[in-house]
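Below you'll find the structure I mean.
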Amino acid sequence: MSRGDSDSNTGFVSFSTVPTTSAADIVNEAPEAAPADHLVDEGAPTIHAAGAVLWRATQEGEPEVAVVHRPRHGDWSLPKGKLDPGETLAHAAAREVSEETGLDCVLSRHLRRISYTVPTPEGGRARKFVHYFAARARPGEFVANEEVDRMHWVPVTRAHEWLTYTDDNSVLDSFRSLPRSLSTVLLVRHAKAGKRADFAGDDDLRPLSSQGWAQQPALHTLLSLFGPERVHSAPRVRCEQTVASIAEELGGHVEPEPTLSEDAYRADPEAGRQRLLRIASTHEIAVVCSQGGVIPDLIGRLAKSAGVDPGEVNSRKASVWVLSFLPGTHEDEGTGPTPRLVAADYFPEPAPAPC
């Protein structure tokens, strides 16, 4: 069974092969929330927010998750907050974790979107959407702040006892629906590189345009939120330039992936799919940069092999698909156990940083 979320305002799209309690948004049952759609003012702008299930490993094997106390609301909840102008959902989730707990984190899969209504200054109500991600905590200590005065690490199986709202429990259920041992591949389409017809040389050597270079820093910050450890790229200059700064930051190099170029993939798409699965099987968080003639079909093949029809697959320049794989779970056409795609989250190209 697939579960999908999309957001027309942010361009975010997500689908999963994991059964959940409902394919619809979860509605907040907090006393101050009025979930009925007819109570939402038509003129009230929709509020977008993001948060995370922040977790850490333990020696006992069962992860612990962070629950935070907000004195203003008198509740226990998961870290979350509204998006700043121009901010992606992923940036907002990581920022809110840092601001509310003092901890840095590594994001991974999208968990679910919830919705509820909140009061407006005019006395009406506005719709609010909150997207949640899984986030592994980096080492550090909680720092109290204006929003949150206490934080507790709680065994994941007991966190329901702490959380005030039913929707937070539903997010926690989504987190528990898959093991922590997922592998992550960040599949990137290269940034803008002008038109092929306008480049006189070998198209393999076509570099990023000025617009592409303007996209690259914001893309770098988005990829960094997911803790990349290796960088791969189709052997095209524009692809390599798009992710070179990540490789440099890691002190490594961009590993060439010939089977993931458009020409090679067109000739043998199965070889490209198998190569991506081998990258996923390394259990290192990998960035893979490819082209528009590869990514939609590749995502479609991975999804269909997991029993999901993803429909039309977006792939704008400088966009990212965050792919989560369950390792070694099924036989793939006689090749032995291979990773299986269990979640895919699409981030459109991030807005360039202001000058």
Knowing that exactly one of Arg56, Arg136, Arg158 qualifies, which makes a salt bridge (Lys or Arg N to Asp or Glu O under 4.0 Å) with Glu64? Arg56
Within the distance-only criterion (no hydrogens, no angle test), does the side chain of Thr242 pair as donor or acceptor with the backbone N or O of Ala191 below 3.5 angstrom? yes
Hey, quick one: are Tyr265 and Val313 part of the same hydrophobic cluster, counting side-chain heavy atoms closer than 4.5 Å, chains of contacts allowed?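 Cluster IDs for Tyr265 and Val313 match.
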So does Asp263 pair up with Arg236, basic N to acidic O under 4.0 Å? yes
Would you kindly confirm whether Phe347 and Val287 end up in one hydrophobic cluster when ILVMFWY residues are joined by side chain heavy atoms under 4.5 Å apart?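 They do share one cluster, since a chain of ILVMFWY contacts under 4.5 Å joins Phe347 to Val287.
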Any donor-acceptor pair under 3.5 Å linking the side chain of Arg189 with the backbone of Ser315? yes
Between Val97 and Leu163, is there shared hydrophobic-cluster membership here, with clusters defined by ILVMFWY side-chain heavy atoms closer than 4.5 Å?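 No, Val97 and Leu163 fall in different hydrophobic clusters.
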Determine whether Trp153 and Leu78 fall in the same hydrophobic cluster, where Ile, Leu, Val, Met, Phe, Trp and Tyr are linked whenever their side-chain heavy atoms lie under 4.5 Å apart. no
Any sub-3.5 Å donor-acceptor pair from Gln291's side-chain atoms to Glu262's backbone N or O? yes
Step through the shown structure and confirm whether more than 12 heavy atoms of other residues, nucleotides or ligands are within 6.0 Å of CZ on Arg278.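 Yes - once you tally the heavy atoms of other residues, nucleotides and ligands closer than 6.0 Å, there are more than 12.
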Is a salt bridge present between Arg72 and Glu147, judged by a nitrogen-to-oxygen distance below 4.0 Å?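 No.
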Got a donor-acceptor contact below 3.5 angstrom from the Tyr346 side chain to the Val322 backbone?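 No, because the side chain of Tyr346 does not come within donor-acceptor range (under 3.5 Å) of the backbone of Val322.
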Looking only at atom types and distance, does a side-chain atom of Asp84 sit under 3.5 Å from a main-chain N or O of Glu87, one as donor and one as acceptor? no
Verify the ring-centre separation between His110 and Phe12: is it less than 6.0 angstrom?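 For Phe12 and His110, the ring centres are under 6.0 Å apart.
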Side chain of Ser290, backbone of Leu260: donor and acceptor closer than 3.5 Å?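 At least one qualifying donor-acceptor pair exists.
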Ser98 (side chain) donor-acceptor with Gly102 (main chain) under 3.5 angstrom: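 Side chain of Ser98 to backbone of Gly102, a donor-acceptor pair under 3.5 Å: no, none is there.
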Other residues, nucleotides, ligands: >12 heavy atoms within 6.0 Å of Arg180 CZ: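 Enclosed.
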Count the heavy atoms belonging to other residues, nucleotides or ligands that lie under 6.0 Å from CZ of Arg316, then report whether that count exceeds 12.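 Result for CZ/Arg316: open.
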